[in-house]
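Here is the naming used below: chain letters follow the sequence lines, and residue numbers restart at 1 for every chain. Every value quoted in this text rests on a predicted model; they were computed, and no experiment measured them.
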Amino acid sequence: KAGVTQTPRYLIKTRGQQVTLSCSPISGHRSVSWYQQTPGQGLQFLFEYFSETQRNKGNFPGRFSGRQFSNSRSEMNVSTLELGDSALYLCASSLGGIITDTQYFGPGTRLTVL
Amino acid sequence: AQSVSQHNHHVILSEAASLELGCNYSYGGTVNLFWYVQYPGQHLQLLLKYFSGDPLVKGIKGFEAEFIKSKFSFNLRKPSVQWSDTAEYFCAVNAGSGNTGKLIFGQGTTLQVKP
């Protein structure tokens with residue numbers, strides 16, 4: 001069974017630009033969560049989607065948004081990039097939720113903002 | 001606000017030594033607790049989790065953790081570490097938000113096991 005895949009793996013953007021990251025969950029998984037990992041702040045929850053609906057959201061500004069498609073694939077968008085958005089963005093999927101099911105993480109997308 | 005604190009940022013042990021990594025959380029209600037591990041060059045993966053029942057939870061690769069509600073703690077233990085346990089370990093809590101993917105992570109502990 002294929003794992004969680006994220007594209008692209010590496011990305012370089014400049015301040016003010018916008019970026020879209022993609023996540024393909026494990027087949028059959030309906031829950032997709034996004035996390036930001038930085039050396040200073042560690043791993044922080046961005047949002048979770050389940051069956052195309054945002055089920056939970058972390059404390060990030062509105063520049064960070066996401067969506068989920070009917071095939072459970074998810075995209076995350078960051079508009080008006082800032083230097084502080086440089087981070088590893090991780091996507092994780094589970095069947096229905098992390099209490100009843102195991103959450104599997106992808107390799108991440110490394111975003112560098114110049 | 002909910003938070004998770006991992007006391008040790010970097011731990012160095014020799015093979016066969018015992019391991020205990022501390023984790024404390026701040027939340028007064030029902031919690032679900034997790035330990036994740038990231039081996040060098042690999043994805044973050046679940047070691048073990050607690051959501052109800054026996055407070056002593058056993059995970060993969062000989063790891064276990066004990067939930068002590070009165071101490072708001074969920075420490076990770078392994079009686080005898082191996083070189084292959086070298087990794088970064090993260091404690092996380094899912095507090096009061098049901099079966100969602102919202103996890104609050106600790107800062108992580110880097111474990112280095114010397115052969």
* Asked: Any chance CZ of R15(A) has more than 12 other-residue heavy atoms, nucleotides or ligands included, within less than 6.0 Å?
  ->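 Open.
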* Asked: Does atom CG of N59(A) have more than 12 heavy-atom neighbours, drawn from other residues, nucleotides or ligands, at distances under 6.0 Å?
  ->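 Check fails, neighbour count at 12 or below.
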Using the rule that two of Ile, Leu, Val, Met, Phe, Trp, Tyr join whenever any of their side-chain heavy atoms come within less than 4.5 Å, decide whether [X] and [Y] are in one cluster.
X: V113(B); Y: I60(B); result: yes
X: L21(A); Y: L44(B); result: no
X: L76(B); Y: Y39(B); result: yes
X: L88(A); Y: V78(A); result: no
X: Y104(A); Y: V32(A); result: no

* **T102(A) versus chain B, the contacting section by heavy-atom distance below 4.5 Å** =>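 Both backbone and side chain.
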* Per-residue contact mode, Y35(A) against chain B (heavy atom under 4.5 angstrom) ->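 The side chain, not the backbone.
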* Asked: Are any side-chain N or O atoms of K102(B) and backbone N or O atoms of S33(A), one a donor and one an acceptor, separated by less than 3.5 Å?
  ->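 Such a contact is absent between K102(B) side chain and S33(A) backbone.
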* Compare every heavy atom of T100(A) with every heavy atom of K49(B), then report the nearest pair and how far apart it is. =>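 So the two residues come closest at NZ-C, 4.0 Å.
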* For Q41(A) against Q107(B), the heavy-atom pair lying closest together ->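 Scanning both residues, the minimum pair turns out to be O-OE1, 3.3 Å.
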* **Any H43(B) side-chain heavy atom under 4.5 Å of L90(A) side chain** =>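 Of all side-chain heavy-atom pairs linking L90(A) with H43(B), none is under 4.5 Å.
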Using 0.5 Å steps for rounding, measure from the [atom1] atom of [X] to the [atom2] atom of [Y].
X: Q44(A); Y: L103(B); atom1: CD; atom2: CG; result: 13.0 Å
X: D101(A); Y: L46(B); atom1: CG; atom2: CG; result: 11.5 Å
X: L43(A); Y: I104(B); atom1: CG; atom2: CD1; result: 11.0 Å

* side-chain contact (heavy atoms from CB on, under 4.5 Å) assessment of Q42(B) paired with F105(A) -> CA-CA 10 Å; Q42(B) 295 188 28; F105(A) 281 80; over 6 Å; no
* For the rings on F105(B) and F45(A), is their centre-to-centre separation under 6.0 Å? ->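 Between F45(A) and F105(B), which both carry aromatic rings, the centre distance is not below 6.0 Å.
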